[in-house]
**Q** 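The structure is given below, and queries will be raised subsequently.
Any value given below was found using the heavy atoms of this structure, including those in side chains, with hydrogens, waters and symmetry copies removed. Position 1 is the first residue of the sequence, and the numbers go up from there.
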Amino acid sequence: MDWYIPITLLPGIALLILSTSNFIIALNAEVQKLKANEALFGEIIALKIKQLKRLSKAISGLYLSVLFFTISGLFASISYPQNIVFLFLLLGIVIMSVSVLLLITYSILAIKIKTKHLRINPF
């Protein structure tokens, strides 16, 4: 395997990390605003904190996948055994996939939480 294959995935993951960190910042600011009226929005705050945890797990997974892709590329460049290189590449892909699934779950649940927050029936 060529050394640059895992490295070419890094810009895409960097974009995911950037957007996820923006989600975390925006969600954190929203929770802070809702805290002022905690009696009314207690349930919403709890749901949004769960969302923050989900985003934190996703961004941690994305950071881990960057680590594994970088190690895989480094090992491939110095002619490490192919099975070790493939193992790190596979670990990076699995962790990145789980992280993306967490982000998809976040997006789906964000609609439900926002609907509940605004007390709008979507149907």
Side-chain angles (χ1 to χ4, degrees):
M1 176 176 64
D2 293 319
W3 66 269
Y4 57 83
I5 292 174
I7 303 301
T8 58
L9 298 169
L10 295 180
I13 298 172
L15 284 173
L16 287 171
I17 289 172
L18 180 64
S19 69
T20 303
S21 65
N22 287 336
F23 284 146
I24 290 172
I25 291 167
L27 191 55
N28 193 35
E30 197 172 348
V31 168
Q32 291 300 322
K33 285 181 187 176
L34 292 174
K35 279 281 202 186
N37 203 348
E38 192 168 353
L40 183 61
F41 295 113
E43 179 186 4
I44 301 299
I45 292 170
L47 291 171
K48 288 185 181 277
I49 288 174
K50 284 183 183 178
Q51 291 290 77
L52 275 171
K53 288 178 184 177
R54 187 172 286 113
L55 285 174
S56 295
K57 290 175 187 176
I59 203 166
S60 297
L62 290 171
Y63 285 134
L64 270 174
S65 67
V66 166
L67 174 69
F68 287 128
F69 287 139
T70 304
I71 290 171
S72 175
L74 175 68
F75 284 177
S77 72
I78 58 174
S79 301
Y80 233 67
Q82 205 60 14
N83 57 348
I84 304 260
V85 171
F86 181 74
L87 175 67
F88 279 103
L89 181 64
L90 187 63
L91 278 171
I93 290 171
V94 168
I95 292 171
M96 181 187 65
S97 298
V98 170
S99 298
V100 169
L101 287 173
L102 283 170
L103 291 172
I104 291 169
T105 305
Y106 163 80
S107 297
I108 292 169
L109 292 176
I111 295 167
K112 292 179 182 180
I113 293 170
K114 186 57 87 174
T115 301
K116 193 179 265 191
H117 180 191
L118 298 174
R119 292 176 174 68
I120 296 172
N121 189 350
F123 301 105

**Q** Taking a hydrophobic cluster as the set of Ile, Leu, Val, Met, Phe, Trp and Tyr residues connected by side-chain heavy atoms closer than 4.5 Å, whether directly or through intermediates, do L87 and I78 fall within one such cluster?
**A**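 Yes, it is one cluster - the side chains of L87 and I78 are joined through contacts under 4.5 Å.
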**Q** Angle class for the F68/F88 ring planes (parallel below 30°, perpendicular above 60°, tilted otherwise)?
**A**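 The rings of F68 and F88 sit tilted, inter-plane angle from 30° to 60°.
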**Q** State plainly whether one hydrophobic cluster holds both V100 and I108, where clusters connect Ile, Leu, Val, Met, Phe, Trp and Tyr through side-chain heavy atoms under 4.5 angstrom apart.
**A**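 Per the 4.5 Å side-chain linkage, V100 and I108 are co-clustered.
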**Q** Out of curiosity, S56 OG to I49 CD1, how far, rounded to the nearest 0.5 Å?
**A**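 Here the interatomic distance stands at 11.5 Å.
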**Q** About how many Å separate CG of L62 and CG of L16, when rounded to the nearest 0.5 Å?
**A**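 Nearest 0.5 Å value for the CG-CG distance: 5.5 Å.
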**Q** Applying the 4.5 Å side-chain criterion to the ILVMFWY set and letting contacts propagate, would I44 and L109 be lumped into a single cluster?
**A**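 Each belongs to a different hydrophobic cluster.
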**Q** Is there a side-chain contact (heavy atoms from CB on, under 4.5 Å) between H117 and L34 once you walk through the steps?
**A** CA-CA 10 Å; H117 180 191; L34 292 174; 3.6 Å; yes
**Q** Mind listing the closest non-hydrogen atom pair of I7 and F69 along with its distance?
**A**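 Smallest heavy-atom distance, with atoms named: CD1-O, 4.0 Å.
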**Q** To the nearest 0.5 Å, what is the distance between CZ (R54) and OG (S99)?
**A**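 It is 13.0 Å, given to the nearest 0.5 Å.
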**Q** Test E30 against every option in Q51, K114, K35 by the side-chain hydrogen bond (donor to acceptor under 3.5 Å, both in side chains) rule and name the one that passes.
**A**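 Of the listed options, the one satisfying the test is K114.
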**Q** Distance check, rounded to the nearest 0.5 Å: K48 atom NZ versus L27 atom CG?
**A**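 Separation between the atoms: 6.0 Å.
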**Q** Indicate the ring-plane relationship of Y106 and F23, choosing parallel, tilted or perpendicular according to the 30° and 60° boundaries.
**A**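 Ring orientation of Y106 relative to F23: tilted.
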**Q** Quick check: are there more than 12 heavy atoms from other residues, nucleotides or ligands sitting under 6.0 Å from CZ of F41?
**A**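 Yes, because the 6.0 Å sphere around CZ of F41 holds more than 12 heavy atoms from other groups.
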**Q** Are any side-chain N or O atoms of T20 and backbone N or O atoms of I59, one a donor and one an acceptor, separated by less than 3.5 Å?
**A**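 Checked: no pair found.
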**Q** Closest approach of S65 and I95, non-hydrogen atoms and distance?
**A**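 Looking at all heavy atoms of both residues, the shortest contact is N-CG2, 4.1 Å.
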**Q** Among the clusters formed by ILVMFWY side chains lying less than 4.5 Å apart, do Y63 and L9 turn up in the same one?
**A**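 Linked within one cluster.
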**Q** Roughly how far apart are L10 CG and L15 CG, rounded to 0.5 Å?
**A**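 Rounded to the nearest 0.5 Å, the CG-CG separation comes out at 11.5 Å.
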**Q** Among the clusters formed by ILVMFWY side chains lying less than 4.5 Å apart, do L40 and I45 turn up in the same one?
**A**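 Yes: a chain of side-chain contacts under 4.5 Å links L40 to I45.
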**Q** Kindly compute the distance separating OG1 (T8) from CD1 (I13), expressed to the nearest 0.5 Å.
**A**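 Separation between the atoms: 9.5 Å.
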